[in-house]
Amino acid sequence: MQSTKEQILAHIMRAGASTVDAISREFGLARMTIRQHLAMLERDGLIMSQEVRGAKGRPHLEYSLTEGGEESFPKRYQHLADLALEEVASLDADDIAGKSPSEKKAMLLMKIAERLYREHEPKVRDKTLGDRVAIVTDILTEEGGFAEWKASPGSFEITDHNCVYRRVVDSHPQLCDWHVSLLGQLLGREVEGAELIRQGAEACRFVVREQETTAKGTA
């Protein structure tokens with residue numbers, strides 16, 4: 001069971017910058033109790049506060065995660081590194097002959113995706129789309145994410161608040177395309193990366209529709 005401080009960190013990760021009043025309402029705790037927890041989290045360098053002045057009323061403090069706070073959520077960098085090393089070790093000269101650095105990177109990512117798909121495919125085999133969405137959300141969390149899903153009429157949405165690639169995606173944007181492609185393989189549907197942390201969003205939001213869309217100009 002998470003401690004109150006861990007729950008507060010998770011709330012700020014999920015909701016973004018939050019006030020004492022918002023956190024107090026979320027957990028049904030007194031504002032003074034929330035202030036004490038926030039003071040300890042700020043002392044430990046996991047959150048930071050910023051004074052915000054609204055159109056009316058007195059200024060108030062909003063609390064957001066620091067880099068240390070974001071890194072306090074587990075990320076399986078080691079797993080990704082192990083997969084990359086295994087694939088590099090299996091390459092031979094013919095695999096990379098004549099390829100540019102970007103083509104080599106794309107090929108390596110494709111091989112890692114294939115390995116991850118083989119690893120997780122038995123979990124989603126013969127499952128309905130709704131079951132696959134729930135399973136894939138669990139897989140994202142196991143891999144170091146902080147993922148949730150919800151159903152909407154005709155579609156499902158997966159939101160990952162804790163991108164496992166956050167540290168490296170700015171210099172390697174291909175990871176986002178690769179990640180969306182892998183999710184599509186596991187879900188058996190085309191996946192839309194509706195919002196991405198790399199593009200400035202608070203979280204990565206993926207949408208998968210129950211019915212495949214028909215391409216323009218086709219029957």
- Query: With a cut-off of 6.0 Å (strictly less than), are more than 12 heavy atoms of other residues, nucleotides or ligands near NZ of K105?
  - Reply: yes

- Query: Which residues satisfy the salt bridge (charged side-chain N to carboxylate O under 4.0 Å, His left out) test with E148, sequence neighbours excluded?
  - Reply: R14

- All heavy atoms of G45 vs all of T66, minimum pair found to be O-OG1, 2.5 Å

- Message: Parallel, tilted or perpendicular: which one describes the rings of F156 and W149, with boundaries at 30° and 60°?
- Response: tilted

- Item | Atom CD of Q50 with >12 non-hydrogen neighbours under 6.0 angstrom | no

- Item | Path from Y117 to V208 over hydrophobic side-chain contacts below 4.5 Å | yes

- Message: Would you compute the distance between atom OH of Y63 and atom OG of S49 and round it to the nearest 0.5 angstrom?
- Response: 5.0 Å

- Message: Using every non-hydrogen atom in the two residues, find where G188 and R132 come nearest and quote the distance to one decimal.
- Response: N-NH1, 3.6 Å

- Query: If two hydrophobic side chains count as joined below 4.5 Å and joins carry through other members, does V88 share a cluster with L116?
  - Reply: yes

- dist D44:CG -> E42:CD (nearest 0.5 Å) comes out at 10.5 Å

- Check G193 against F206 and note the closest heavy-atom contact, atom names and distance. CA-CD2, 4.1 Å

- Message: As an exercise, state the distance from OG of S155 to CG of L129, rounded to the nearest 0.5 Å.
- Response: 9.5 Å

- Message: How long is the straight-line distance from CG of D177 back to CG of L109, given to the nearest 0.5 Å?
- Response: 9.5 Å

- Message: Treating D92 as the side-chain partner and D94 as the backbone partner, does any N or O pair qualify as donor plus acceptor under 3.5 Å?
- Response: yes

- Should the pair E121-R125 be classified as a salt bridge under the 4.0 Å nitrogen-to-oxygen rule? yes

- Query: Side-chain heavy atoms under 4.5 angstrom apart, residues restricted to Ile, Leu, Val, Met, Phe, Trp, Tyr: same cluster for M107 and W178?
  - Reply: no

- Task: Quick one: closest heavy-atom pair of I197 and C204, and the distance?
- Result: N-SG, 3.4 Å

- Query: Less than 4.5 Å apart, any side-chain heavy atom of H120 and any of L182?
  - Reply: no

- Task: Show your working on side chain to side chain contact (heavy atoms under 4.5 Å, CB included) between D21 and R31 and close with a plain yes or no.
- Result: CA-CA 7 Å; D21 287 342; R31 296 173 76 253; 2.5 Å; yes

- Task: Kindly compute the distance separating CD1 (I135) from NZ (K123), expressed to the nearest 0.5 Å.
- Result: 9.0 Å

- Task: Measure the CD-CZ distance between E190 and R209 for me, rounded to the nearest 0.5 Å.
- Result: 9.5 Å

- Task: Check I34 against S24 and note the closest heavy-atom contact, atom names and distance.
- Result: CG1-CA, 3.9 Å

- How close do E103 and G98 get, heavy atom to heavy atom, and via which atoms? OE1-O, 4.2 Å

- Taking a hydrophobic cluster as the set of Ile, Leu, Val, Met, Phe, Trp and Tyr residues connected by side-chain heavy atoms closer than 4.5 Å, whether directly or through intermediates, do M48 and L61 fall within one such cluster? no

- Message: When you measure from the side chain of K99 to the backbone of D95, do you find a donor-acceptor pair of N or O atoms at a distance under 3.5 Å?
- Response: yes

- Item | D126 atom CG: more than 12 heavy-atom contacts under 6.0 Å | no

- Message: Check the orientation of F146 and H161. Use parallel for under 30°, tilted for 30 to 60°, and perpendicular for over 60°.
- Response: tilted

- Message: Taking V207 as the starting point, is it possible to reach L140 by hopping between hydrophobic residues whose side chains are less than 4.5 Å apart?
- Response: no

- Item | Test salt bridge (charged side-chain N to carboxylate O under 4.0 Å, His left out) applied to K5 - qualifying residues, sequence neighbours left out | none

- Item | CA sep, side-chain torsions, deciding dist, call: Q36, M32, side chain to side chain contact (heavy atoms under 4.5 Å, CB included) | CA-CA 6 Å; Q36 291 171 347; M32 181 59 69; 4.0 Å; yes

- Query: Is the side chain of D131 donor-acceptor paired with the backbone N or O of A134 at a distance under 3.5 Å, no angle test?
  - Reply: no

- Is K150 atom NZ crowded by more than 12 heavy atoms from other residues, nucleotides or ligands, each under 6.0 Å away? no

